[in-house]
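First the structure, in the form of structure tokens, and then the observations on it.
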Amino acid sequence: MNKMSLICVIAAIPIYASASGQKDEETVFCQGVDDSTIVLELWKPSKSGVAQHCLQASFSAEMMACAPHGGWGLGSDNDMTELVGLTNDWNTAHNHEAGKVIASAGKRGVHFIAHAGKGIASNLIYRWKFAFERSSGRATWYENDGSKIAYYCEVSR
């Protein structure tokens with residue numbers, strides 16, 4: 001490798017690292033109007049080396065819903081009481097019959113959506129959704145029966 005090629009490769013390393021989408025870890029604490037709490041751990045390192053987003057709700061002590069960014073967390077049962085796997089492969093997620101959660105975090109907000117069942121679209125059973133809007137600090141927990149709970153959230157790094 002000549003000197004100019006080596007300089008280009010070294011110069012590109014910081015660009016590639018920032019383009020990878022990896023963010024700094026952050027924690028979001030949310031307080032509900034019903035006095036429940038939700039804690040989000042974003043960009044949390046996992047044993048596999050893939051950053052994940054996790055949600056823990058005070059009203060369901062057994063549930064720890066985690067997923068890689070834009071991927072799925074696979075649960076041991078419909079209620080996600082135990083995380084048994086992480087995947088970014090849609091086929092693996094859709095073949096998983098128990099609970100599954102997808103998560104994404106960005107500049108505007110954070111979203112978690114949980115389903116159960118095998119397959120896609122109408123074959124899945126919608127379980128719950130959580131959406132946090134960064135600009136206002138507001139969030140909402142949506143249940144499968146149509147009910148919802150409002151939250152106010154604060155970000156901590």
Side-chain angles (χ1 to χ4, degrees), residues 17 19-157:
S20 69
Q22 180 62 42
K23 308 286 185 200
D24 292 333
E25 283 183 71
E26 64 182 330
T27 303
V28 181
F29 296 96
C30 301
Q31 182 69 46
V33 295
D34 65 347
D35 289 329
S36 64
T37 59
I38 291 179
V39 177
L40 307 177
E41 295 178 289
L42 307 175
W43 306 105
K44 178 181 173 179
S46 70
K47 292 177 185 174
S48 66
V50 175
Q52 60 186 352
H53 306 311
C54 295
L55 179 149
Q56 175 67 50
S58 65
F59 52 84
S60 180
E62 298 99 29
M63 180 189 69
M64 174 61 89
C66 296
H69 183 71
W72 291 267
L74 308 176
S76 61
D77 59 18
N78 288 348
D79 294 323
M80 297 292 296
T81 55
E82 180 184 0
L83 187 67
V84 296
L86 301 172
T87 185
N88 280 332
D89 177 52
W90 70 269
N91 195 37
T92 300
H94 291 297
N95 285 323
H96 183 74
E97 292 188 37
K100 57 192 116 205
V101 65
I102 188 167
S104 65
K107 290 179 183 178
R108 291 185 178 173
V110 179
H111 300 278
F112 285 82
I113 301 173
H115 292 92
K118 187 174 179 180
I120 57 173
S122 62
N123 293 339
L124 294 176
I125 301 163
Y126 168 74
R127 304 291 294 168
W128 54 264
K129 176 177 133 178
F130 184 77
F132 164 55
E133 182 183 288
R134 288 183 184 277
S135 64
S136 68
R138 293 186 182 136
T140 307
W141 175 275
Y142 301 89
E143 282 285 339
N144 62 351
D145 65 2
S147 63
K148 56 187 177 180
I149 301 169
Y151 287 83
Y152 180 75
C153 305
E154 293 183 13
V155 176
S156 172
R157 291 198 189 258

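Computation of the quantities below employed the complete heavy-atom set of this structure, encompassing side-chain atoms and omitting hydrogens, waters and symmetry-equivalent molecules.
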Study note, to complete from the structure: On a heavy-atom basis, the closest approach of C66 and Q52 is CB-OE1, 3.7 Å
Exercise for review: Output all residues satisfying salt bridge (Lys or Arg N to Asp or Glu O under 4.0 Å) with R134, sequence neighbours left out; order by chain, then residue number.
Suggested key: E26
Check your understanding: How would you list all residue pairs meeting disulfide bond (SG atoms under 2.5 Å apart) that involve residues 71-108, not counting sequence neighbours?
Key -> none
Check your understanding: Could you give all pairs that pass the salt bridge (charged side-chain N to carboxylate O under 4.0 Å, His left out) test and reach residues 31-41, with sequence neighbours left out?
Key -> E41-K44
Point to revise | Minimum side-chain heavy-atom gap K100-L124 below 4.5 Å | key: yes
Exercise for review: Side-chain contact test, heavy atoms from C-beta onward, threshold under 4.5 Å: evaluate it for F132 versus F112 and give yes or no.
Suggested key: no
Review point. Between S147 and D145, do the side chains contain an N or O donor and an N or O acceptor separated by less than 3.5 Å?
Key: yes
Exercise for review: Taking the side chain as every heavy atom from C-beta outward, state whether L74 and T92 have any atom pair closer than 4.5 Å.
Suggested key: yes
Check your understanding: Taking atom CD of Q31 and atom OG of S36, what is their separation to the nearest 0.5 Å?
Key -> 7.0 Å
Practice item. Give the minimum heavy-atom separation between L86 and A67, together with the two atoms involved. Key: CD2-CA, 4.0 Å
**Study point:** Test item: Y142 and K148 side chains (from C-beta on) under 4.5 Å apart, heavy atoms
**Key:** yes
Revision key, fill the gap. What one should report as the nearest heavy-atom pair of G70 and N88 is C-OD1, 4.0 Å
Practice item. Heavy atoms only: give me the nearest V101-A65 pair and the separation to one decimal. Key: CG1-CB, 4.1 Å
Review point. What pair of heavy atoms forms the shortest contact from I38 to L40, and how long is it?
Key: CG2-CD2, 4.0 Å
Exercise for review: Please test N95 against K118 for side-chain contact (heavy atoms from CB on, under 4.5 Å), starting from the C-alpha separation and ending with a verdict.
Suggested key: CA-CA 5 Å; N95 285 323; K118 187 174 179 180; 3.6 Å; yes
**Study point:** H69 (side chain) donor-acceptor with L42 (main chain) under 3.5 angstrom
**Key:** no
Point to revise | Aromatic plane relationship, W141 with W128 - under 30° parallel, 30 to 60° tilted, over 60° perpendicular | key: parallel
Revision key, fill the gap. For S76 and V84, the nearest pair of non-hydrogen atoms, with its separation, is CB-CG1, 3.8 Å
Practice item. Could you tell me whether the side chain of H53 reaches within less than 4.5 Å of the side chain of W43, counting heavy atoms only? Key: yes
